[in-house]
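From a predicted model like this one, the values you see are computed outputs, not experimental measurements.
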Amino acid sequence: MSTCIIFNPAARGEKAKKLREHLEKARGDWTLKPTSAPGTARTLAAKAVGEGFRTIVAAGGDGTLNEVLNGIGDVPGGFEAARLAVLPLGTINVFARELRMPLDLQKVWPVLEDGSEVRIDLGCAEYQTARGPERRYFAQLAGAGFDARSVELVNWEWKKKVGPAAYVMAGLQALGSPQPKINVVCGAERQAAELVLFGNGRFYGGNFPIFHKGDLQDGLLDAVIFPRVDWQSLPGHLLKFARGAMFKEGGNVYLQGREFYLTCPQRAALQLEGELVGELPARVFVAPKALRVVAPRV
């Protein structure tokens with residue numbers, strides 16, 4: 001067997017409909033498996049590895065991508081047995097942008113058919129949930145504190161209607177409460193933060209190179225530290241953003257490392273790939289070049 005396409009029928013706008021229409025006309029050695037509820041993409045991906053599929057396509061947004069990634073990882077030896085591909089149908093599609101995948105269905109399909117492969121680093125987080133400690137992989141980014149709380153507050157019906165604006169609205173809501181004080185440890189480095197962002201690549205929230213030193217193949221995670229996130233500090237953050245200073249050396253407290261430890265005396269949320277997964281304390285680390293992905297030829 002060759003390619004399994006794990007498809008989110010609830011993908012935003014007309015993208016899901018167009019994908020179905022394209023697949024009905026296309027010919028190829030592929031199998032389509034639609035998701036039925038949150039979490040099912042992970043189960044479908046694990047089954048696809050067991051069934052012998054060698055390329056598993058996440059057709060949806062960054063949430064679907066993360067589920068498929070973790071489904072592959074749930075199978076012992078899964079990352080060597082199968083490679084990941086992304087067909088961007090979501091709201092922001094950060095990882096697809098990082099890989100320079102076309103966001104247009106007609107243009108991305110030839111890339112998937114070509115099947116050019118690269119190895120990239122794989123992010124991983126160990127954290128707390130109501131069920132106990134858990135571990136989950138991420139391809140592109142993670143965050144703790146303010147942005148994870150914003151993700152927690154997103155109205156998903158509004159997200160379907162207004163897209164990225166739903167995150168802005170949730171962020172403004174999150175600013176109305178005091179932010180938890182997070183302790184970040186990376187080797188000898190010690191930092192205090194109300195928001196910490198982790199990047200495997202360069203981009204966050206779209207085409208914004210928050211992690212200006214980020215490289216999917218350098219064996220490191222990049223962390224951007226925001227000591228304060230409140231109404232008083234917000235104008236300064238926005239000014240840095242508007243001037244592009246946030247994307248340059250010295251724009252923020254910036255760390256690189258293989259392993260980070262996060263603790264907090266208060267409840268502090270953790271998100272991976274824009275999905276709330278749990279709470280601190282957490283360990284965030286990297287597995288160098290552990291993930292095979294389909295990407296455009298350079």
Derivation and outcome, side-chain contact (heavy atoms from CB on, under 4.5 Å), residues Met101 and Leu112:
CA-CA 9 Å; Met101 293 290 285; Leu112 299 180; 3.9 Å; yes

query: Where do Lys33 and Glu51 land on the salt bridge (charged side-chain N to carboxylate O under 4.0 Å, His left out) test, with the steps shown first?
result: CA-CA 13 Å; Lys33 295 191 177 188; Glu51 291 166 354; 2.5 Å; yes

Kindly determine whether Arg83 and Val294 satisfy side-chain contact (heavy atoms from CB on, under 4.5 Å), including the steps that lead there. CA-CA 7 Å; Arg83 59 187 188 171; Val294 175; 3.7 Å; yes

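Leu105 places a side-chain heavy atom less than 4.5 Å from the side chain of Leu87. A heavy-atom distance below 4.5 Å is found between the side chains of Leu65 and Leu84. Looking only at side-chain heavy atoms (C-beta outward), Ile6 and Thr35 come within less than 4.5 Å of each other. With contacts defined as side-chain heavy-atom distances shorter than 4.5 Å, the pair Glu275/Asp62 does not qualify. Residues Phe95 and Ile120 meet the side-chain proximity criterion, which asks for heavy atoms closer than 4.5 Å. At a threshold of 4.5 Å between non-hydrogen side-chain atoms, the residues Tyr127 and Glu134 count as touching. Counting heavy atoms from C-beta outward, Arg267 and Pro180 have side chains that stay 4.5 Å or more apart. Counting heavy atoms from C-beta outward, Asp218 and Gln256 have side chains that approach closer than 4.5 Å.
The shortest heavy-atom contact between Leu89 and Asn93 is N-OD1, 3.6 Å. Residues Val111 and Ala295 share a closest heavy-atom pair of CG1-C, 4.0 Å. The shortest non-hydrogen separation linking Arg258 to Pro288 is NH1-CG, 3.2 Å. For the residue pair Lys107 and Pro110, the shortest heavy atom distance occurs at O-CD, 3.2 Å. The two atoms that bring Ala142 and Leu272 nearest to each other are CB-CD2, 3.3 Å, heavy atoms only. The nearest pair of heavy atoms linking Val277 to Thr129 is O-CG2, 3.6 Å.
Separation of atoms CD1 (Ile92) and CD (Glu273) is listed at 12.0 Å; rounding is to 0.5 Å. Atom SG of Cys124 and atom CZ of Phe138 lie 8.0 Å apart (nearest 0.5 Å). With rounding to the nearest 0.5 angstrom, the CG atom of Leu122 is 5.5 Å from the CG atom of Leu69. Once rounded to the nearest 0.5 Å, the distance linking CD of Gln271 with CG of Leu141 reads 6.0 Å. Taking CD1 of Ile182 as the start and CD of Gln266 as the end, the distance is 9.0 Å to the nearest 0.5 Å. Atom OG1 of residue Thr263 and atom CG of residue Leu280 lie 7.5 Å apart, to the nearest 0.5 angstrom.
Salt-bridge formation is not detected for the pair Arg54/Glu117: no Lys NZ or Arg NE/NH1/NH2 atom is positioned less than 4.0 Å from an Asp or Glu carboxylate oxygen. A salt bridge is defined here as a Lys NZ or Arg NE, NH1 or NH2 lying under 4.0 Å from an Asp or Glu carboxylate O, and Glu80 with Arg119 meets this definition.
A donor-acceptor pair under 3.5 Å is absent between the side-chain atoms of Arg292 and the main chain of Lys289, judged by distance alone. Of the possible polar contacts, one joining the Gln179 side chain to the Ser177 backbone as a donor-acceptor pair under 3.5 Å is found. A distance-only check finds no donor-acceptor pair linking the side chain of Asn252 to the backbone of Tyr254 [under 3.5 Å]. Here the side chain of Glu126 pairs no donor or acceptor atom with the backbone of Arg135 at under 3.5 angstrom.
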List the atom pairs, donor and acceptor, that lie under 3.5 Å between side-chain atoms in residues 200-212 and the rest of the protein, sequence neighbours left out.
from: Asn200; atom 1: ND2; to: Asp121; atom 2: O; distance (Å): 2.9
from: Asn200; atom 1: ND2; to: Ala139; atom 2: O; distance (Å): 2.8
from: Tyr204; atom 1: OH; to: Asp147; atom 2: OD2; distance (Å): 3.2

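Aromatic ring centres of Phe198 and Phe260: separated by under 6.0 Å.
At a threshold of 4.5 Å between side-chain heavy atoms, the hydrophobic network of Ile, Leu, Val, Met, Phe, Trp and Tyr places Val185 and Leu197 in two separate groups. Clustering ILVMFWY residues whenever any of their side-chain heavy atoms sit less than 4.5 angstrom apart, transitively, puts Phe226 in a cluster other than the one holding Leu221. Linking Ile, Leu, Val, Met, Phe, Trp and Tyr residues whenever their side-chain heavy atoms come within less than 4.5 Å places Trp30 and Val49 in a single cluster. Both Ile56 and Val293 sit in one connected hydrophobic cluster of ILVMFWY residues. Membership requires side-chain heavy atoms under 4.5 Å apart, directly or through other members. Cluster membership check: Leu220 does not share its hydrophobic cluster with Val286, using side-chain heavy-atom separations under 4.5 Å among Ile, Leu, Val, Met, Phe, Trp and Tyr.
If you check the side chains of Asn70 and Asn66, you find a donor sitting under 3.5 Å from an acceptor. A donor-acceptor contact closer than 3.5 angstrom links the side chains of Tyr261 and Glu259.
Shown here is Lys248, whose NZ atom has no more than 12 heavy atoms of other residues, nucleotides or ligands within 6.0 Å.
Applying the side-chain hydrogen bond (donor to acceptor under 3.5 Å, both in side chains) test to pairs two or more places apart or on separate chains, those with a residue in residues 96-105 are Glu98-Gln140. Sorted by first and then second residue, the side-chain hydrogen bond (donor to acceptor under 3.5 Å, both in side chains) pairs with a member in residues 229-241 read Arg228-Asp230, Asp230-Ser233; sequence neighbours excluded. For the ring-ring contact (aromatic ring centres under 6.0 Å, His included) condition, no pair includes a residue of residues 269-298, sequence neighbours left out. Sorted by first and then second residue, the pairs that involve residues 37-50 and meet side-chain hydrogen bond (donor to acceptor under 3.5 Å, both in side chains), not counting sequence neighbours, are Arg42-Asp74.
Not counting sequence neighbours, the partners of Phe247 by the ring pair (Phe, Tyr, Trp, His ring centres under 6.0 Å) test are Phe241.
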